[in-house]
Structure formats: C-alpha cells, structure tokens
Amino acid sequence: KSQNLVKKGRNYLYKEFGKMGLEYLESAANFVLFKSPIGATPLFKELLKEGVIVRAMDEYELPDWARVTVGLDAENKIFIEKLKKVLGK
C-alpha cells in the first residue's frame, strides 16, 4: 500500500514539474530531485516561510537542485501550490 502511494505521488509530482517546465530526476525512492530556477537554498528559505520544507542539495555540489519527499495526496498538492507561488508560476 505504501509503495503504491509513493508511486502515485511521484507521478503527480513529475506531471506538475513538467507543467512548470522544471527539470527533475525520476526516482525509485520516496523523494524526487528537481532543479530550482532560483537556486536550491533560496527556494528552501522561501518555501520554509510558506510552511513547506525541501532539502537543498548544495552539500552534494548540486546548488540548483532540491529534494522533496513524496507525501500524502493533500501534502503533495500543498507543496505544488506553494512551489508555484514561490516561483511565480
């Protein structure tokens, strides 16, 4: 059941990233890496103000990439809503 939930959530995120024109890496895990047009740390800070936490991947020498954990349907939708707000999309 958990694997199906994660797979469905990943597919939703892929679809929404595609609509926004964001590059992402497909994953077999419960998180997805995506490229931020404003840089990962600025994105992290702006999303944090909105109550959403992503992980900036700077420490892995990927300063433009962030990682989001796949959540429940409602959580994924909130993340996308807040991401669009922060990125002005």
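Values below: all heavy atoms of this structure, side chains included; hydrogens, waters and symmetry mates excluded.
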Which pair of heavy atoms, one from [X] and one from [Y], lies closest together, and at what distance?
X	Y	answer
R10	S27	NE-O, 3.1 Å
A56	A40	CB-CB, 3.7 Å
Y60	R55	OH-NH2, 3.6 Å
Y14	L25	CE2-O, 4.3 Å
I80	Y12	CG1-CE2, 3.8 Å

Measuring only between side-chain heavy atoms, which start at C-beta, is [X] closer than 4.5 Å to [Y]?
X	Y	answer
V54	F31	no
P37	L87	yes
D58	W65	no
E16	K77	no

Would you find more than 12 non-hydrogen atoms of other residues, nucleotides or ligands less than 6.0 Å from [X] atom [atom1]?
X	atom1	answer
Q3	CD	no
K7	NZ	no
L5	CG	yes

* Candidates V52, L48, D64, V86 - the one meeting side chain to side chain contact (heavy atoms under 4.5 Å, CB included) with L43 ->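 Of V52, L48, D64, V86, side chain to side chain contact (heavy atoms under 4.5 Å, CB included) with L43 is met by V86 alone.
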
As an exercise, state the distance from [atom1] of [X] to [atom2] of [Y], rounded to the nearest 0.5 Å.
X	Y	atom1	atom2	answer
K89	M20	NZ	CE	7.5 Å
I78	D73	CD1	CG	11.0 Å
L33	R67	CG	CZ	7.5 Å
L83	L22	CG	CG	6.0 Å
K8	L13	NZ	CG	12.0 Å

* **Electrostatic pair E46:K85 at N-O distance under 4.0 angstrom** =>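 No, this pair does not count.
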
* To do: Answer with yes or no whether the hydrophobic clustering places Y24 together with M57; edges join I, L, V, M, F, W, Y residues whose side-chain heavy atoms lie under 4.5 Å apart.
  =>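 No, Y24 and M57 fall in different hydrophobic clusters.
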
* To do: Is it possible for you to say whether L62 and I53 belong to one hydrophobic cluster, with membership spreading through side-chain heavy-atom contacts below 4.5 Å?
  =>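 Looking at the clustering, I53 is in a separate group from L62.
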
* Asked: Within the distance-only criterion (no hydrogens, no angle test), does the side chain of K35 pair as donor or acceptor with the backbone N or O of E23 below 3.5 angstrom?
  ->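 Judged by distance alone, no pair lies under 3.5 Å.
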
* Asked: Which class fits the ring pair F34 and F79: parallel under 30°, tilted 30 to 60°, perpendicular over 60°?
  ->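 Ring orientation of F34 relative to F79: perpendicular.
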
